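Treat the numbers as computed from the prediction; the structure is a model and nothing was measured.
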Protein chains: 2
Amino acid sequence: MPTQSEMKAIMQQYLDAFNAQDADAVIALYADNATVEDPVGSEPLQGKEAIDAFYQQVIPYGSKLKLVAPIRGSHSNSAAMAFVVESAVGSINVIDVMTFDESGKITSMRAYWGPEDSNSL
Amino acid sequence: MPTQSEMKAIMQQYLDAFNAQDADAVIALYADNATVEDPVGSEPLQGKEAIDAFYQQVIPYGSKLKLVAPIRGSHSNSAAMAFVVESAVGSINVIDVMTFDESGKITSMRAYWGPEDSNSL
């Protein structure tokens, strides 16, 4: 199991790579069999190919992910972070929950945001 | 399924009741068969009796839960919130994820905080 510091560092790398519009670096953080449910309540994406397609689509929009509080760990292989997605057309309030495998790869990401959590400019 | 506004209002009631040291009001927000995993990675409490015992123990400490960002909903029956637990002896950074039943009762609460997320004064 990765340490608390390792999980938080990986989530920070996720934010940094996303904000640098480096989709390949974001995708490299995921385990091969990972799942992404963004938003929670949608059909989860399964596996690297689907996750790759997702980030290759969303990252070019140029949105920036801005943490609003320190990343939280847990007493297991999970961690969570609250951030705002800021783009040219508005913002979305989000909390991501991630789980990690032994090698520190992300095995699941679930993004909590609802239809009322986005604000159009 | 409760609406986004209903889930967020229930989470706000949870914060307000906790901060008012009204354990009975907190417990009343839970469904009979609810689970509480606080922190994530600990053995989940199952059912109203265990949850009652938990809050009757922790609420008298007088800690205050302070939201650090707006509560996030989802596209299902889940919502999440980032807050700080402030007490006389220190603070803990936490993100709670909750699920709700049709009647708006909390069916699960998972609290993300790790051993490195608490700061002693």
**Student:** Measure distances from Ala69(B) to the heavy atoms of chain A and classify the residue's part below 4.5 Å as side chain, backbone, both or neither.
**Tutor:**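 Contact with chain A: side chain only.
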
**Student:** Rounded to the nearest 0.5 Å, what separation is found between the OG atom of Ser108(A) and the CE atom of Met98(A)?
**Tutor:**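 Atom-to-atom, Ser108(A):OG and Met98(A):CE are 9.0 Å apart.
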
**Student:** Of the backbone (N, CA, C, O) and the side chain (C-beta and beyond), which part of Pro70(B) lies under 4.5 Å from a heavy atom of chain A, both, or neither?
**Tutor:** side chain

**Student:** Test question: given the 4.5 Å side-chain rule for I, L, V, M, F, W and Y, name all other residues clustered with Ile95(A), or answer none.
**Tutor:**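 Ile95(A) clusters with Val40(A), Val97(A), Tyr112(A), Val40(B), Ile95(B), Val97(B), Tyr112(B).
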
**Student:** Looking at Gln4(B), Lys8(B), Met7(B), which makes the most heavy-atom pairs under 4.5 Å with chain A?
**Tutor:** Gln4(B)

**Student:** Are the aromatic rings of Tyr30(B) and Tyr55(B) close, with centres under 6.0 Å apart?
**Tutor:** yes

**Student:** Which answer fits Ile71(A), side chain, backbone, both or neither, if we ask what part of it has an atom under 4.5 Å from a heavy atom of chain B?
**Tutor:**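 Contact with chain B is through the backbone of Ile71(A) alone.
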
**Student:** I'd like to know if the side chain of Thr99(B) pairs up with that of Thr107(B) as donor and acceptor (distance under 3.5 Å, no hydrogens or angles considered).
**Tutor:** yes

**Student:** Restricting to side-chain contact (heavy atoms from CB on, under 4.5 Å), what partner residues turn up for Gln21(B), sequence neighbours left out?
**Tutor:** Ile59(B), Lys64(B)

**Student:** If we define contacts as heavy-atom pairs under 4.5 Å, which of Pro115(A), Ala82(A), Ser5(A), Ser78(A) has the most with chain B?
**Tutor:** Pro115(A)

**Student:** Tell me which of these, Gly73(B), Gly41(B), Ser76(B), has more heavy-atom pairs under 4.5 Å with chain A than the rest.
**Tutor:**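 Heavy-atom pair counts peak at Gly73(B).
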
